[in-house]
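This is a predicted model, so every value here is computed, not measured. Here is how names work: the chains are called A, B, and so on, in the same order as the sequence lines, proteins then strands, and each is numbered from 1.
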Amino acid sequence: MKAKRQEQQARTPLSNAEIADQLASLAQMLSTQKENPFKVKAYRRASANIRTLSESLDELVCDEADLTQYAGIGEAIAGAIREIVLTGTLGKLAKLRTEASPELVDINAYPRLDPKRILRIYKKLNISSINSLRETLEDGEIEKIFGARMAQHVRQGLTESHAMLLYRADDLRSSLEKFLREKCQVRTVEVVGDYRRRVEIIDEISFLVDTEDFPALVGKLERFGGRTLLISSSKGEALFALSSGIRLLIQAASRRDWGLSLVTSTGSKAHMNKLLSVTGSLTSVKAKGPFPSELSFYRKFGMSFIEPELREGHHEVEQALHGALPVLVSVNDIRGELHAHSTSSDGAHSIEQMATAARERGYEYTGITDHSQSLKIAGGVPVDELWKQVGFIDKLNERLTGIRVLKSSEVDILADGSLDYPDDLLKELDYTVCSIHSRFGLGKKEQTERIMRAMDNRYFNILGHATGRLLLKRPGYEIDMERIIAHARQNGCFFEINSSPDRLDLSADNTRAAAAAGIKIAISTDAHSMPEFGLTRYGIDQARRAGLQTSDVLNCLPWRKLSILFRR
DNA sequence: GCCGTTTTCGGCCCGACTGTTTTCAGTCG
């Protein structure tokens, strides 16, 4: 072991990212063969898992540690990792590369690209290199010919830094904070930037630290996850490229001006411009210090405290000056759930189990919104079954105490704008969530009018995940949000913020627009199991970014009042 | 290739619909 240690010290240790890249490249190469797709998936999963480790795989290998302790790594992949660390290459990958076409080898430098799709583009556009691919992407040619989804795939595949969903950054934040506290001995650390504002996609995670020895801290961070690339550093600020693909910004701050530093490192650019136009330049602000807390800063300039989620440069600075900031909705204000699935369609738990879980969260009610008949893949509930479910829930409510189960459905909006159940059945439900799950490819005008027609049905209450987007995966279908908001307002329809962290749909901006039109919003989890009620936190984040107060939120109302709003 | 209250093999969700890149693979939850 000692020999290996010495050997390791003689060379530059591999970063977890470099190891993960090799595994991802192998997965990509295997995917072009007639290889078991689950094997491909296993390599991809292992690669992704490795990127989030704070320990150094290189060190672990040299210490002969058991790598199979980590999720997604078994004997075979542990062997591959050992080979990469000890020899610098992966034989299997090298062999596949020598056998592959030059185009494929070229593509293999970008393991996140799907070779099949890229080769299709090559053929159609008569190109054969990544450079040409990049050019056609930038020309907008790929989007024009293959659509927005393909363009997004190529763009993500060619980009070095992978953005990260907020909920995944939550885990990373904890492990980085732990590392900073325990390994770097910082006195204080606080997360700031986009993460603190709860932006749904994170490119850069940043922390404010109070430390005696900043250069030493930088040195230690360079060994986070084996080796972490230092992009730039200056006195009191360092920028790294993390293995997980996003950047890490560390800024040092003094106790004396900790509050001011929190303010400057949290606000968006637009927010800071507006703020400094009120306070004067940063230099002149500093002269008026000290500002040990954010509150001391806001007080000094006659402002009330601006919640981080609001610091986007809308109207929050003016509102803070006039004491007119909204009192933002919070998780504890939620009185019930309006979008949840059960085993009747594609959920993991029974109606009764979901009801119990809702009660344990302190809710007064939960809707059960299983999928409607057309959505076969998700076990859509046939008409006669939903009739039975209506009767079942009535009986269940007689039996249950402390929670009311609402009879509902996530009703598909069919291609022609009709709803997926007959009116005489919809009439029996307490309310409906109506969503699009098919024909995403319709044009903007058709899609908009499809939703508007659906809203003309008097049993339409809440529009589920309005745009159908999946963050970092799929752009939503195209709709004219302005027309839909106007139509919803006219017809007494509502929107939801779907809290599922890869949807967060409505976006904060659309939520803001809908609320400005006086439309109340449901903050819903779309839970498919009991623990998923906990996702409401992410919906609340977006609601707060949109400036929502409890009075803007449907499920902050008791059922008695809510039921009146649902009657049309 | 990984994993295990379905545990050492066999599953890893799945089934109908869509469409021109693709007549089968991609897509929807």
Side-chain angles (χ1 to χ4, degrees), chain A residues 23-24 26-27 29-50 67-81 90 92-93 114-127 133 136 141-154 339-348 369-382 409-415 420 433-442 447 464-465 467-470 473-477 498 500 502-503 505 524-529 532:
Chain A
L23 296 180
L26 179 58
M29 278 309 219
L30 290 173
S31 78
T32 66
Q33 316 279 104
K34 278 174 227 137
E35 190 49 90
N36 177 0
F38 294 109
K39 188 194 274 192
V40 175
K41 219 172 170 183
Y43 276 106
R44 290 229 170 90
R45 197 172 44 224
S47 170
N49 289 352
I50 283 170
L67 301 180
T68 62
Q69 65 180 299
Y70 299 106
I73 301 179
E75 283 306 324
I77 293 183
I81 293 170
L90 186 55
K92 201 168 171 183
L93 176 61
D114 171 15
K116 278 188 204 153
R117 291 158 88 178
I118 302 308
L119 291 176
R120 220 155 59 211
I121 295 175
Y122 281 8
K123 200 172 158 194
K124 176 90 177 181
L125 299 182
N126 201 20
I127 56 174
L133 182 69
T136 52
E141 210 173 333
I142 291 182
E143 169 143 18
K144 206 172 76 199
I145 298 173
F146 298 95
R149 192 168 302 189
M150 182 69 100
Q152 175 161 332
H153 171 73
V154 176
H339 188 164
H341 296 263
S342 77
T343 45
S344 300
S345 63
D346 59 348
T369 52
D370 279 305
H371 287 291
S372 61
Q373 54 181 343
S374 290
L375 203 63
K376 309 270 193 229
I377 178 80
V381 182
S409 168
E410 182 176 10
V411 188
D412 260 59
I413 299 172
L414 303 177
D420 196 22
V433 175
C434 302
S435 312
I436 283 183
H437 293 121
S438 61
R439 301 298 298 272
F440 279 34
L442 288 183
Q447 202 71 282
H465 44 69
T467 73
R469 73 174 181 177
L470 289 180
K473 214 161 151 193
R474 172 179 88 194
Y477 35 80
N498 192 297
S500 170
D502 53 4
R503 289 190 183 273
D505 183 14
S524 299
T525 60
D526 202 350
H528 281 68
S529 67
E532 286 177 36

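Looking only at atom types and distance, the side chain of Ser500(A) has a donor-acceptor partner in the side chain of Asp502(A) under 3.5 Å away. Checked by atom type, the side-chain pair Asp420(A)/Ser374(A) shows a donor-acceptor distance below 3.5 Å.
Taking 4.0 angstrom as the limit, Lys41(A) places none of its side-chain polar atoms (N or O) nearer than this to OP1 or OP2 of dG11(B).
Residue-level contact check: Ile121(A) touches neither bases nor backbone, having no heavy atom under 4.0 Å from any strand. Across all strands, Ala46(A) comes closer than 4.0 Å to no nucleic acid atom at all (heavy-atom distances). Residue Lys92(A) is classed as a sugar-phosphate contact, given heavy-atom separations below 4.0 Å to backbone atoms only.
Nucleotide dT8(B) is matched to nothing when pairs are restricted to Watson-Crick or G-U wobble geometry with both distances under 3.5 angstrom.
Ring planes of His341(A) and His528(A): parallel class, angle under 30° (limits at 30 and 60°).
Comparing the same atom, P, in dA25(B) and in dG11(B) gives a spacing of 22 Å after rounding to whole Å. Annotation: dC9(B) and dC17(B) have their P atoms spaced 40 Å apart (nearest Å).
Formation of a donor-acceptor pair under 3.5 Å by the Arg474(A) side chain with backbone atoms of Gln152(A) is not found in this model. Between the Glu532(A) side chain and the Ala340(A) main chain, no donor and acceptor come within less than 3.5 Å of each other.
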List the steps, then state whether side chain to side chain donor-acceptor pair (under 3.5 Å) holds for Glu410(A) with Ser435(A).
CA-CA 7 Å; Glu410(A) 182 176 10; Ser435(A) 312; 2.8 Å; yes
Report, as a single string ordered 5' to 3', how protein heavy atoms within less than 4.0 Å touch nucleotides 22-29 of chain B: B base, S sugar-phosphate only, - not at all.
B----SSB
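dG1(B) atom P lies 11 Å from atom CG of Leu90(A), rounded to whole Å.
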